[in-house]
Amino acid sequence: MAESEVVGKDKEKCTTGIEELDIQMNGGIPVGSTVLITGSSGSGKTTLCMQYLADGAKKGERGVFFTITEPLFKLTKNLEGFAFYDKKLVESGMVNLIDLRIISERLGLDAEKYTVEDASALLDILKDIAEELDVKRLVIDSITALCYRLQTREMIRDFIFKLGTSLAAMKCTTLLTSEVPPRTFKYSQYEIEEFISDGIIFLGDVERKGDLIRTLQVVKMRGTSHNRSKFAMSISSKRGIELLPLLKS
Amino acid sequence: MTDTMLEGLKDRISKSAKIHQSVGIIVPMNNYADLSEAIIDHMMNTKDDFWVYITITKSFDTIIKKFKSLSDHKNIKFIDCISRAAGIVRSDNNCIYVESPAMLEKILMEMINILHEIKDDLNKYIIIDSLSSLMIYNNPETVNEFFQHFINKTRAEDVHSISLVVEEEMDEYINRIIFLNEKIIKVRESFI
């Protein structure tokens with residue numbers, strides 16, 4: 001790894017459960033960081049996040065997964081095919097799956113449109129749950145869908161900055177998924193999300209002879225030296241996410 | 001090819017592969033099928049060796065029709081790179097299917113995963129059948145880069161490799177790639 005890529009002294013790391021990715025980040029994500037996992041639909045964002053939570057749970061670190069994009073039954077059904085996923089992790093409370101839409105409903109919020117107060121109430125609830133469960137790892141899937149419910153750019157900006165402040169105070173390592181259209185070099189829908197993030201992991205694809213090869217690139221990761229090369233990524237039920245350097249030719 | 005010739009050739013390849021880390025075999029098109037079958041036959045008759053056979057030329061389905069007991073050999077694994085792309089759906093514990101022969105990184109990943117599961121006391125061999133076929137589905141530079149990774153990885157893992165090339169399909173690119181091997185064997189009708 002180039003010396004110039006080293007930013008400050010390496011901090012304590014949080015492994016992702018993806019061996020090659022941890023190697024490329026010199027041991028993992030710096031503890032307490034907020035990392036944006038960016039990619040288009042089907043790029044493997046949710047799988048990466050769940051592998052991360054399962055890895056933590058197996059190491060005794062409790063995690064929470066807040067979803068706003070798909071119902072829990074659908075999420076768990078998809079996960080059951082992966083060897084890294086063990087139902088017992090959920091049953092034991094080491095991995096907590098929470099549907100934010102249900103929470104919104106219970107708070108009496110409009111499911112489709114949030115006001116400033118709604119967003120603030122939701123943020124408080126997120127924080128309370130994380131604190132009550134004493135989680136070390138947190139996932140919000142997705143920040144894009146959450147912001148979609150806010151009505152103006154100003155509200156989105158305000159919400160994202162408040163979220164950033166709350167996450168920083170929580171001392172847990174957070175992954176925020178961000179949906180972008182395919183084949184774009186944007187890291188987020190609203191172009192604000194990356195500014196509250198300490199790291200960006202970009203999931204994309206490259207076309208080779210008509211085949212789409214999944215790729216993963218650590219674009220930014222504060223507090224650790226990391227490789228910025230593009231990696232070919234594979235998702236399999238047996239091993240989850242695996243990486244190998246992408247052929248450059 | 002006569003049986004005597006094939007036996008002689010099998011012996012020569014086997015000895016070369018034991019001595020050298022990587023062996024390239026240039027074989028005339030007319031003898032190609034005989035040679036690849038002779039190699040599979042040889043694989044099936046070894047117990048202390050572990051074989052990974054990467055096929056880009058024939059589907060695993062075609063191979064197993066000829067060698068019916070292949071599924072029973074725990075020391076042989078196939079990586080079939082063409083069946084999925086051709087819409088052939090089959091499942092076998094001894095074969096891993098890669099979606100397309102253009103997914104070269106995936107081939108390497110599967111190869112590495114298999115190697116990591118093999119017991120250390122076995123001699124490990126990997127066969128690429130063939131570099132000529134890989135060239136059909138990929139740019140020459142990409143195959144060159146893939147093969148460089150392949151050679152480096154097999155060396156690092158102390159695995160011996162055998163790469164096949166069809167003589168009639170040799171061009172400047174394949175020439176450059178095949179000579180990355182430590183040893184080249186040119187098969188001739190008049191070999192013995």
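In what follows, every chain begins at residue 1, and chains take the letters A, B, ... in the order their sequences are listed.
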Student: Considering residues, nucleotides and ligands other than A:Lys59, do more than 12 of their heavy atoms fall under 6.0 Å from its NZ?
Tutor: yes
Student: Report all side-chain donor-acceptor pairs from residues 28-39 of chain A shorter than 3.5 Å, counting only partners two or more places apart or in another chain.
Tutor:
{"unit_1": "A:Ser33", "atom_1": "OG", "unit_2": "A:Pro30", "atom_2": "O", "d": "2.7"}
{"unit_1": "A:Thr38", "atom_1": "OG1", "unit_2": "A:Tyr187", "atom_2": "O", "d": "2.7"}

Student: I'd like to know which of B:Leu104, B:Asn113, B:Asn144 tops the heavy-atom pair count under 4.5 Å against chain A.
Tutor: B:Asn113
Student: Contact part of A:Leu243 toward chain B, heavy-atom cut-off under 4.5 Å: side chain, backbone, both or neither?
Tutor: backbone
Student: So for atom NZ, which belongs to A:Lys74, do other residues, nucleotides or ligands contribute more than 12 heavy atoms lying within a distance under 6.0 Å?
Tutor: no
Student: Could you tell me whether B:Asp72 atom CG has more than 12 heavy atoms of other residues or ligands within 6.0 Å of it?
Tutor: yes
Student: State, to 0.1 Å, how close A:Ala232 and B:Met109 come at their nearest heavy-atom pair, and which atoms those are.
Tutor: O-CE, 3.4 Å
Student: Within the supplied structure, the quantity of interest is the number of heavy atoms (other residues, nucleotides, ligands) at a distance under 6.0 Å from B:Glu168 CD; does it exceed 12?
Tutor: yes
Student: Tell me if the NZ atom of A:Lys171 is crowded by more than 12 foreign heavy atoms within 6.0 Å.
Tutor: no
Student: To check you understand the geometry: which heavy-atom pair defines the closest contact between A:Leu247 and B:Glu105, and what is its length?
Tutor: N-OE2, 2.8 Å
Student: Looking at side-chain heavy atoms only, is the closest gap between A:Ile213 and B:Met103 below 4.5 Å?
Tutor: yes
Student: Grab the two heavy atoms, one from B:Glu145 and one from A:Leu246, that are nearest each other, plus how far apart they are.
Tutor: OE2-O, 4.3 Å
Student: Could you tell me which portion of A:Arg239 (side chain, backbone, both or neither) has an atom closer than 4.5 angstrom to a non-hydrogen atom of chain B?
Tutor: side chain
Student: Side chain, backbone, both or neither: which part of A:Lys238 has a heavy atom under 4.5 Å from chain B?
Tutor: side chain
Student: Do B:Asn138 and A:Arg208 come within less than 4.5 Å of each other through their side chains, counting heavy atoms only?
Tutor: yes
Student: If you tally heavy-atom pairs under 4.5 Å against chain B, which of A:Pro245, A:Ser234, A:Ser236 wins?
Tutor: A:Ser234
Student: So for atom OH, which belongs to A:Tyr148, do other residues, nucleotides or ligands contribute more than 12 heavy atoms lying within a distance under 6.0 Å?
Tutor: no
